[in-house]
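Take a look at the structure below.
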Amino acid sequence: MDEYGNSGEGRATRRDEAVRAAVEQGLLGPDSPIVGLLDVTGIRESAAELRAAFAEVTAPGTPVLHAFAVKATPLVPVLRLLREEGIGAEVASPGELALARAAGLSPAQTVLDSPAKTPAELREALALGIAVNADNPQELDRIDGLVRSAVSRSPLGIRVNPQVGGGSIGATSTATATSKFGVALRDEGAREWVMRAYLDRPWLSRLHAHTGSQGIPLPLMAQGVAETYALAEEINRRIGRPQIDTIDIGGGLPVNFASDVTAPTYAEYARALREAVPGLFDGRYGLVTEFGRSLLAKHGTIVARVEYAKSAGGRAVAVTHAGVQVATRTVYVPGSWPLRITAYDGKGRPKSGPEVVQDVAGPACFAGDLLAEGRALPLLDQGDYAAALDTGAYYFAHHYAYNSLARPGIYGFVPAHAGGVRFATVRDPQTLSSIVAESGGAHAGALTTLHAPGSR
Ligand SMILES: *Cc1c(COP(=O)(O)O)cnc(C)c1O
């Protein structure tokens with residue numbers, strides 16, 4: 001195991017111990033058949049690895065803000081933990097900004113990037129002094145108005161799309177020719193428009209690009225950063241002073257969903273960037289990063305009880321409590337988002353025995369609600385548990401309310417003395433009254449009392 005536990009052995013051991021302890025301590029059981037677990041030790045390790053990776057490649061004294069993409073795991077205690085680890089927040093909606101503020105993040109640690117910011121959102125961000133990257137010319141017009149009418153400390157920039165192409169997953173490829181994000185740099189006249197925008201606005205000091213997420217190969221990510229850097233250099237040369245002082249390179253480091261190993265690592269990416277874009281690290285530019293999935297994915301586990309074990313058409317089917325509501329992408333697009341599943345017995349101990357090809361199904365009422373199809377695992381039985389691994393980002397924190405299934409409780413864990421495990425509640429399980437309230441419960445008669453003229 002290396003310094004950061006990237007071989008994943010410690011991670012797997014901690015996970016197994018947490019599953020057993022969750023059963024022993026009653027977090028998991030017949031009446032609470034699904035939980036999300038977060039490995040606090042692992043999250044801290046990833047945050048430390050991120051900081052160290054960029055500290056190693058940047059010139060001494062370079063300002064670097066690592067802003068966690070809140071959308072990856074929008075949970076206040078997670079944001080607070082990351083804050084303690086020196087990580088800020090990248091937000092993309094009023095809700096995400098509210099979460100970051102609730103976690104105690106300061107405006108200086110926060111970056112706003114959404115593609116559809118309203119005038120009110122922009123006004124608030126500039127009033128607070130939060131960094132904003134304008135997505136398009138219309139948004140820059142709005143910012144012009146705000147900058148004219150009030151003094152703001154917000155560092156301001158423009159988001160560009162270097163259009164370097166997509167990766168293996170279309171839905172997470174943001175630098176395609178027709179992506180909805182940023183100013184499409186290779187379109188006719190776009191580069192000149194960006195140049196003019198900076199020439200006319202001495203207060204524009206940042207440049208931002210996010211080339212995409214899972215499925216983008218490292219060289220393509222590095223190319224996106226290289227093109228952004230080249231544009232910043234060109235703009236500063238033309239203006240004759242280092243007006244752009246900070247480059248925001250986005251996030252997007254892919255995650256290995258095939259084993260417990262962290263690959264690629266932040267250190268590998270940082271070195272690849274320094275090789276591809278040495279000038280970015282020589283101290284002339286401050287850096288912002290916006291990693292999401294790579295900080296959290298490997299530290300989350302969904303554990304669900306097997307309610308029934310059945311057989312259909314010769315196929316063993318374990319019907320569990322984890323499906324589309326907690327693993328939406330995997331259920332709808334299984335080819336792009338396969339998850340590892342591990343089997344535990346009714347006491348939460350890793351299950352052994354011969355592997356049997358089986359389906360691990362969810363609780364939702366449609367046939368495609370499968371966490372895994374045709375997976376070889378020790379045969380899951382009634383009362384066992386199935387765990388979906390690497391689900392700390394874009395999974396259980398992204399509840400999908402199909403079938404009015406309740407949001408599961410989420411618990412953080414650390415190893416305790418004497419081989420035990422300590423848990424802390426990150427999010428309470430959703431109650432039935434909360435489901436009713438969120439489903440218009442306060443307006444039960446709203447439609448029956450709404451009559452069109454002439455009807456009774
Ligand atoms: C989603 C997103 C990120 C984070 O992407 P990950 O793949 O989770 O690292 C960063 N920046 C922007 C602008 C995003 O939209």
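Both ligands and their constituent atoms are indexed starting at 1 by order of listing.
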Lys/Arg-Asp/Glu bridge criterion (N-O < 4.0 Å) met for [X], [Y]:
X	Y	value
E49	R44	no
E139	K117	yes
R14	D39	yes

Nearest-neighbour protein heavy atom for atom 1 (C) of ligand 1, which is reported as residue plus atom name and distance
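Heavy-atom neighbour on the protein nearest atom 1 (C) of ligand 1: K71 NZ, 1.3 Å.
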To the nearest 0.1 Å, how far is atom 7 (O) of ligand 1 from its closest protein heavy atom, and which atom is that?
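Protein heavy atom at minimum distance: S213 OG, 2.7 Å.
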Should the pair F423 and Y411 be assigned to parallel (<30°), tilted (30 to 60°) or perpendicular (>60°) ring geometry?
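If you compare the ring of F423 with that of Y411, the planes turn out perpendicular.
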Mark the output for G252 as yes if a heavy-atom distance to ligand 1 is under 4.0 Å, and as no if none is.
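G252: in contact with ligand 1 (<4.0 Å).
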Pairs meeting criterion salt bridge (Lys or Arg N to Asp or Glu O under 4.0 Å) with involvement of residues 238-252, two or more places apart
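Counting only pairs at least two positions apart or across chains, the salt bridge (Lys or Arg N to Asp or Glu O under 4.0 Å) contacts touching residues 238-252 are E192-R238.
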Candidate with minimal heavy-atom separation from atom 11 (N) of ligand 1, of Q214, H208, E290, R293:
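Nearest heavy atom to atom 11 (N) of ligand 1 lies in E290.
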Given F181, F68, F291, Y394, which one has a non-hydrogen atom that is nearest to atom 8 (O) of ligand 1?
Y394
Can you list the ligand 1 atoms lying under 4.0 Å from a non-hydrogen atom of D113?
13 (C)
Going by the rule side-chain hydrogen bond (donor to acceptor under 3.5 Å, both in side chains), which residues pair with E268 if we only count those two or more places apart in sequence or in a different chain?
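Residues passing side-chain hydrogen bond (donor to acceptor under 3.5 Å, both in side chains) with E268: none at all.
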Within-cut-off N or O pair, L253 and ligand 1, under 3.5 Å:
no
